[in-house]
Amino acid sequence: MLRWRQWQERIGRHLLQGITLGCVLLAGLMILGLLLKSWPLLQEQNLWSMLVSRDWRPHRGEFGYFPFLAGTLWVTGGAMLLAVPLALLTATYLSEYASHRVCTLFKPLIDLLAGIPSVVYGVWGVLTIVPLVKNEVAPWFGRFTSGYCILSASLVLAVMTLPVIIHVSLEVMQAVPRELRESALSLGATRWQTVKKVVLRKALPGLLAANVLGFARAFGETMAVIMVAGNVARVPGSIFDPAYPLPALIANNYGEMMSVPRYDAALMLAALLLLGVVLGFSVLSRLVLQRLQRRWR
Amino acid sequence: MRWSWRKVEETFFRCLMMAAVVLVMLILLWILLTILVRGVPALDWEMVSRTPRGGFYLGKSGGILNAILGSLFLTLGATLAAFVAGLPVALYLTCFRGDSSRTAAFIRTVLDVLWGIPSIVYGAFGFVLMIWLGLRASLLGGMLAVALLILPIMIRGMDEVIRLVPRELYDSAYALGATKMETAFRVVIRQAAPGILSTVLIALGRGMGDAASVLFTAGYTDALPSSLLEPVATLPLAIFFQLGTPFPEVQERAYASALLLTILILVISGVARWLIRRYARQVVR
Amino acid sequence: MTGEHVIHARDLNVYYGQLHVLKDITVAIPRSKITAIIGPSGCGKSTLLRSFNRLLETMDNVRLAGSVRLGPQDVYAPGVDVTLIRKKMGLLAQRPFPLPMSIYENVAFGPRLHGIRNRRALDRLVEDNLQLTGLWSEVRDRLHTPAVELSIGQQQRLCLARGLAVEPEVILADEPTSALDPQSSRRIEECFRHLKDRYSIVMVTHILRQARRLADYILFLYMGELVEHGPAEQMFNAPRRELTREYVQGVIS
Ligand SMILES: Nc1ncnc2c1ncn2[C@@H]1O[C@H](COP(=O)(O)OP(=O)(O)OP(=O)(O)O)[C@@H](O)[C@H]1O
Ligand SMILES: [Mg+2]
């Protein structure tokens, strides 16, 4: 009886360990799998020259990623530019100024919106943002656009990432001990001074993490973007030009990728690039976070 | 009362923040209203009870039952798989490794990083795996990709819940002579059950709403799901394809489908939230 | 500005939602003395302390009636600048909460808020106030390291120095030594004894022995009512009320 239980313990332990190891290896396996699939292309062509080349002609074996990289950067950059200040201001208000009642009213609404799938955001974008940009915003700047452009994509992405950033930021700011605020207040700080110099400073690492999360979400978003970005493989020159972000490239062409030589490798390389940027960014932000946390505890 | 610089600054930022809150709330209401107003008129019983007929994508009759059932099967299968693989990991992290272990911290970091990887990458990776396994776009392939996608969410969610289980509970189980396995699977799981369930629901909602991961792996079909090895339709993709047609009648259906998907997911997350709230009350006592 | 009393509370009532926590408190706090507020847990000591410098109103469901005066100034008068009121009453919390910055910046934080920018003046203020709390010799070589790296006892003295740097009239301390070891507690007590010539100190304490050692004046609160107040000598040796006698003898707690 005892022996059986001991065996059970030992086997179980190793089983759990094995499964855990498997999950951790998943990350490595992903890189490896995508790398293997894109390897034929990487052997034939120089990675760097593909990254900076503007020519995307799969049938001729020309795979220039630059328009897609540029499109991704424009769209994501625009989205973050819009979302980050708005989200931080909102989170600060809800955490520091709003009464408890208001906060408990808003929080579920924000969580609810964080749960809505991205396709639905895409539908909303097509229904509202695209016509808005086409009929109101662009003419106001004296420009013409179909509405399917960087600005629309950025707006939709910004709205999509807002709840994510607000949710995490709020949690981080509410974790700042109230005594810390009281310390500053009792030195004669105004509310805003307390927020600016103590709360935000204390919460800075967490806020950074919140925004990194939002960035990763926006950067890799596929469906919402594919529906409103216009998808023209050209390097965009202004926010009213269409863009063709990397995720949209992958999603749009999976149907034909087996019929053109090296096309599948090129798309897998695109996925690998996406993965690489997100991995790099999250590792980098973790390093920065660690340093910040060591400096300001 | 003099208006010092401090007061000006305070008032300025206060107004700015209030404006931000109002703007955010208006946008959020705008989204919900748009989905409702455009979706409700297009939604009828035929939409949810029938499969696409000939000429469905030209505006003829039919519904999206194929996508609804497909999404349900696919997500339920994927959630089950991710749960079976994820629960042992979550238990291992806390029950076997302890809270301050560096290995556990490392594994958590890896999982957090995995969480942040875009779903289209999971789709592409799922596709690679399918080629290795000799599968084609099918229900099974879609399950695989979605299971991988929600695995980190599942593990980290359950991990957070399990970490809330008080230390004393372990100690009293050990004091009764229970092994670590017995403690983990009989005591800790029971204590954390509501939280674990709500995590599962959250992961389910996430899996159901994701389109990019099933794009290559599940394919699309007008038929009802029949076998694990056949392609299967999913709701997000149904929305995407319907919206992509040039016919207004079909686009209307996209709005209805979007409403349907939103309602499904909100109900799931609502139940999850309710569970968490109940659970939180239990912990306090 | 040199009346005998520094804080006057009159008919002070405080409610948390429906809960009536302070009932008709009328009391005057003597100037340049150490006043101790004693009473069983939950009787409203912290609430009373925080009603003095208007920290209560940062909480949501609080209602306050009655008046508090600091010297001649009505603390709750409409149009009064709260920040200036709070500046005159420093707060020392139960546990030390150093701001997330260096030791130097912690002490300089208050003066900077109130417009002191001159580097030399700030250096001076930091040194003086760290001297006052006996911390200067311990930290002079690492002024620019994070304040959280100090020991808990040192952190608490840093918080005291931080409060002193805005030149308050009153120091409000809420069980300032309850998180500290005996050694550190004693150092805080020493600081208080030094400081009471220049500041009026109001402290909440659970430790009757500490009140005996330090206090010149005692307020005894019980279930939100001010049962008795008076000079420490009288309160400990010849209390007028039976309840007070039982409490100071440790019969009830
Ligand atoms: N934010 C709040 N909301 C509701 N009730 C509160 C709040 N803060 C305190 N109370 C209640 O008010 C009463 C007085 O609280 P207070 O903190 O002033 O007591 P105290 O004498 O300082 O106790 P202790 O010695 O334990 O610190 C208590 O019954 C407490 O439960
Ligand atoms: Mg108290």
Side-chain angles (χ1 to χ4, degrees), chain A residues 5 8-9 12-13 15-17 19-20 23-24 26-27 30 33-34 37 86 89-90 92-94 97 106 108-109 111-113 115-120 123-124 126-128 159 162 166 190-193 213 216 219-223 227 247 250-251 254 267-268 271 274-275 278-279 282 286, chain B residues 6-7 9-10 13-14 16-18 20-21 23-25 27-28 30-31 34-35 38 85 88-89 91-93 96 107 109-111 113-114 116-121 124-125 128-129 148 151 155 179-181 205 209-212 215-216 236 239-240 243 254-255 258 261-262 265-266 269 273:
Chain A
R5 283 180 63 205
Q8 192 191 8
E9 172 84 3
R13 188 188 184 100
L15 200 66
L16 295 198
Q17 234 159 11
I19 299 175
T20 308
C23 288
V24 173
L26 183 66
M30 256 165 112
L34 293 176
K37 283 308 277 182
L86 208 55
L89 284 170
T90 307
T92 311
Y93 185 83
L94 290 183
Y97 287 83
F106 275 33
L109 194 59
D111 293 356
L112 186 148
L113 279 142
I116 290 184
S118 55
V119 185
V120 176
V123 171
W124 173 73
V126 170
L127 280 175
T128 58
V159 169
L162 266 179
I166 293 178
T190 62
R191 203 114 179 221
W192 170 246
Q193 282 174 321
L213 197 69
F219 190 81
E221 178 46 44
T222 310
M223 300 321 277
M227 290 159 92
I250 306 171
Y254 74 101
L267 291 187
M268 291 304 144
L274 215 52
L275 178 65
V278 170
L279 280 185
S282 80
R286 246 156 251 275
Chain B
R6 298 206 297 172
K7 286 230 182 66
E9 198 184 339
E10 170 96 32
F13 276 100
R14 211 186 174 117
L16 204 63
M17 281 187 272
M18 252 139 81
V21 172
L23 184 63
V24 168
M25 283 305 131
I27 293 175
L28 300 185
W30 188 17
I31 294 173
T34 310
I35 298 301
R38 301 303 285 263
V89 180
L91 285 174
Y92 179 76
L93 284 180
F96 284 78
I107 295 172
T109 312
V110 171
L111 289 168
V113 170
L114 278 174
I117 291 175
S119 62
I120 185 87
V121 176
F125 176 60
V128 173
L129 276 186
L148 291 180
L151 188 63
I155 299 178
T179 62
K180 281 193 167 179
M181 284 294 277
D210 197 76
L215 201 56
F216 318 115
I239 299 170
F240 181 56
L243 200 70
Y255 310 149
L261 179 61
T262 310
I265 286 178
L266 292 191
S269 75
R273 204 181 308 284

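Every chain is numbered from 1, with letters handed out A, B, ... down the list of sequences. Not measured: the values here are computed from a predicted model.
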Working to the nearest 0.5 angstrom, can you tell me the gap between [X] [atom1] and [Y] [atom2]?
X	Y	atom1	atom2	value
B/F240	A/M223	CZ	CE	4.5 Å
A/T222	B/L215	OG1	CG	8.5 Å
B/M17	A/L94	CE	CG	10.5 Å
A/T190	B/R6	OG1	CZ	5.5 Å
A/W192	B/R14	CH2	CZ	11.5 Å
B/I27	A/L113	CD1	CG	10.5 Å

Can you give me the closest heavy-atom contact between [X] and [Y], atom names plus distance?
X	Y	answer
A/V119	B/G209	CG2-O, 4.3 Å
A/V278	B/G116	CG1-O, 3.5 Å
A/A27	B/V110	CB-CG1, 4.3 Å

Could you have a look at [options] and say which one has the most heavy-atom pairs with chain A under 4.5 angstrom?
options	answer
B/V21, B/L261, B/L129, B/I31	B/I31
B/I239, B/L243, B/I120, B/I265	B/I120
B/A258, B/A85, B/A124, B/S119	B/A124
B/L148, B/V128, B/I155, B/L91	B/V128

Check whether [X] gets within reach of chain A through its side chain, its backbone, both or neither, counting any heavy atom under 4.5 Å.
X	result
B/T179	both
B/L114	side chain
B/M18	both
B/L151	side chain
B/I117	both
B/L16	both

Please examine the side chains of [Y] and [X], heavy atoms only from C-beta on, and report whether any two atoms are closer than 4.5 Å.
X	Y	answer
B/R38	A/V123	no
A/L112	B/L266	yes
A/L275	B/F125	no
A/L16	B/F96	yes
B/M181	A/R13	no

Query - Interchain contact, A/Q17 with chain B, by part (heavy-atom threshold 4.5 Å) - result: both
Query raised in the report: Using non-hydrogen atoms only, which part of A/M268 is less than 4.5 Å away from chain B: side chain, backbone, both, or neither?
Result: side chain
So which of [options] has the biggest tally of heavy-atom pairs under 4.5 Å with chain B?
options	answer
A/A216, A/A251, A/G115	A/A251
A/P117, A/P247, A/S282	A/P117
A/I250, A/T92, A/L127, A/L26	A/L127
A/P108, A/C23, A/S118	A/C23
A/V159, A/L15, A/L267	A/V159

Report task. Look at the rings of B/W30 and A/W124 and say which category their plane angle falls in: under 30° parallel, 30 to 60° tilted, over 60° perpendicular. Result -> perpendicular
Query raised in the report: A/L34 and B/V121: side-chain contact (heavy atoms from CB on, under 4.5 Å), yes or no, with the steps?
Result: CA-CA 9 Å; A/L34 293 176; B/V121 176; 3.9 Å; yes
Query raised in the report: Do other residues, nucleotides or ligands put more than 12 heavy atoms under 6.0 Å from the NZ atom of A/K37?
Result: no
